[in-house]
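Numbering of ligands and ligand atoms starts at 1, following listing order.
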Amino acid sequence: MQKTVSVVIPCYNESEVIDQTVAEMLQVTQGIENYQFELLFVNDGSADDTESKLLQYSKEHDNIHLISFSRNFGHQPAVSAGIQASTGDAVVLIDADLQDPPQLIDGMIKLWEQGYDVVYGTRENREGESRFKLASAKWFYRILNYLSEVPIPLDTGDFRLMDRQVVDQLNAMPEKHRFIRGMVSWIGFNQTSITYKRNERFAGETKYPLKKMLSFGLDGILSFSVKPLKLSIVTGFISSGIALVMLFYTIYIRLATDQWQSGWASMLVAMLFIGGVQLISIGILGEYIARIYSESKDRPLYIVKKDIKQPRKDDESDLD
Ligand code: UDP
Ligand code: MG
């Protein structure tokens, strides 16, 4: 029996690139012998004609499967939907904008055949992205790695191949704030990486504006670390320590000198500092509580409006 590899491609307003992406995916997968490929496009509530284009492709090609959301739920839910619907012995996650070269899939499959359960792509360099994006991504991965309880590979996105074993574990994790690259690290098994040069987006612009980037970054840190909570304890101790020193200092000033009226400025600074530390700590607490709240509501991660899968030839014969 031939093995099947599912390729999951999240798409949000990708009308400008989608024709090229479908063409390249088909070409690359047809060039890899001895495997069946299932191309799973997840339309994440696009407002343009991404959906109708994909619908057409799914009619033309037996192995193109389209899942369409009822609205925009975000990149990680889109990827999760694809992973959940996948049937392959291995699943590849790849962006729709051709920033992650599909040509690497062949190499990933070879490493998988050598016994690796996860093969992830590490970016050697990134072309055509703003300096702000480069710097913030670089620092984000380093801070995340420092804070996280499991090591999360640096400069690594969701572009990866995962064995069915890993995929089943991932699907069994019920959390709503999904930070997939971290969850895969947490799952473990035999993981390895291949480095690649990240291309410029083929067309269109990034679907990750600053706001989405920040909430994604926050998800990464808060889902994989409770160190921010400890941080507020540490800053609490430090500021109380400073306050204690100040206390002795004022007593000394009052008893040993006659300049004791002055000092309101330092009072104000100390008050503002402590107030700031308290607000930050409450904010951190609030973020974790908000997460408990949203997990406890237990709403579905996404809502599927359409699920179009052409029956495969061998499936049809099963029905007779
Ligand atoms: N994406 C999505 N939903 C969103 C935002 C992005 O499905 O709400 C998809 C997008 O279509 C692309 C992938 O996620 O296939 C990565 O997004 P993008 O290329 O815009 O991010 P960047 O590469 O700029 O970080
Ligand atoms: Mg991109």
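Taking the six-membered ring wherever Trp is involved, the centroid distance between the rings of Y208 and H75 falls below 6.0 Å. Taking the six-membered ring for Trp and the full ring otherwise, Y57 and F41 have centroids separated by 6.0 Å or more.
Neither side chain, E14 nor T50, offers a donor N or O lying under 3.5 Å from an acceptor on the other. With no hydrogens or angles considered, a side-chain donor-acceptor pair links Q76 and D158 at under 3.5 Å.
Ranking the protein heavy atoms by distance from atom 24 (O) of ligand 1 puts T206 OG1, 2.6 Å first. Here the heavy atom of the protein found nearest to atom 17 (O) of ligand 1 is Y208 CD1, 3.8 Å. Counting protein heavy atoms only, atom 14 (O) of ligand 1 is closest to H75 CD2, 3.1 Å. Of all protein heavy atoms, the one lying nearest to atom 1 (N) of ligand 1 is Y12 CB, 3.8 Å. Scanning all protein heavy atoms for the shortest distance to atom 16 (C) of ligand 1 gives D95 OD2, 3.4 Å. Atom 23 (O) of ligand 1 has its closest protein heavy atom at Q99 OE1, 2.6 Å. Atom 18 (P) of ligand 1 has as its closest protein heavy atom R201 NH2, 3.5 Å. Atom 11 (O) of ligand 1 has E14 OE2, 2.6 Å as its closest protein atom, hydrogens excluded (heavy atom only).
Atoms of ligand 1 found under 4.0 Å from any heavy atom of K207, numbered from 1 in the order shown, are 5 (C), 6 (C), 18 (P), 20 (O). Short contacts between ligand 1 and N72, defined as distances under 4.0 Å to a heavy atom of the residue, involve ligand atoms 3 (N), 4 (C), 8 (O). Interface atoms of ligand 1 facing D97, defined by a heavy-atom separation under 4.0 Å, are 19 (O), 23 (O). Listed by atom number, the atoms of ligand 1 under 4.0 Å from P10 heavy atoms are 7 (O), 9 (C), 10 (C), 11 (O), 12 (C), 15 (O). Near A96, with a cut-off below 4.0 Å to any heavy atom, the atoms of ligand 1 are 15 (O). Shown in contact with R198 at under 4.0 Å from a heavy atom are these atoms of ligand 1, numbered in order with element: 23 (O).
With Y293 as the aromatic partner, R291 does not meet the cation-pi criteria of under 6.0 angstrom to the ring centre and within 45 degrees of the ring axis. Stacking of K211 on the aromatic ring of F216 is not recorded, the 6.0 Å distance cut-off and the 45° axial limit not both being met.
Taking distance alone, with nitrogen or oxygen atoms compared against 3.5 Å, A78 stays at or beyond that limit from ligand 1. In terms of polar-atom proximity, defined here as any N/O pair under 3.5 Å, E205 makes no such contact with ligand 1.
The side-chain hydrogen bond (donor to acceptor under 3.5 Å, both in side chains) analysis of residues 133-144, with sequence neighbours excluded, yields the pairs Y141-R181, R142-D155.
Residue Q76 places no heavy atom under 4.0 Å from ligand 1. Assignment of M213 to the shell around ligand 1 is not supported, since no heavy atom sits closer than 4.0 Å.
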Contacts table for residues 269-276: side-chain donor-acceptor under 3.5 angstrom, sequence neighbours left out:
none

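The aromatic rings of F179 and F140 stand perpendicular to each other, their planes meeting at an angle above 60°, with 30° marking the opposite boundary. Ring geometry for Y35 against W112 counts as tilted: the plane angle lies between 30° and 60°, on a 0 to 90° scale.
At a cut-off of 2.8 Å, Q99 is counted among the residues with an N, O or S atom near the Mg ion (ligand 2). Counting backbone and side-chain atoms alike, D97 contributes an N/O/S atom closer than 2.8 Å to the Mg ion (ligand 2).
At most 12 heavy atoms of other shown residues, nucleotides or ligands fall within 6.0 angstrom of atom OH in Y116.
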(message) Checking V118 against D163 for the side chain to side chain contact (heavy atoms under 4.5 Å, CB included) test, could you report, in this order, the C-alpha distance in whole Å, the side-chain angles of both residues, the deciding distance, and whether it holds?
(response) CA-CA 6 Å; V118 177; D163 184 74; over 6 Å; no
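Contact annotation for D44 and ligand 1: only side-chain heavy atoms (C-beta onward) come within less than 4.0 Å of the ligand.
Taking all heavy atoms of E200, K212, K133 into account, the minimum distance to atom 22 (P) of ligand 1 is reached by K133.
In the hydrophobic cluster analysis, where Ile, Leu, Val, Met, Phe, Trp and Tyr join through side-chain heavy atoms closer than 4.5 angstrom, F69 is grouped apart from L66.
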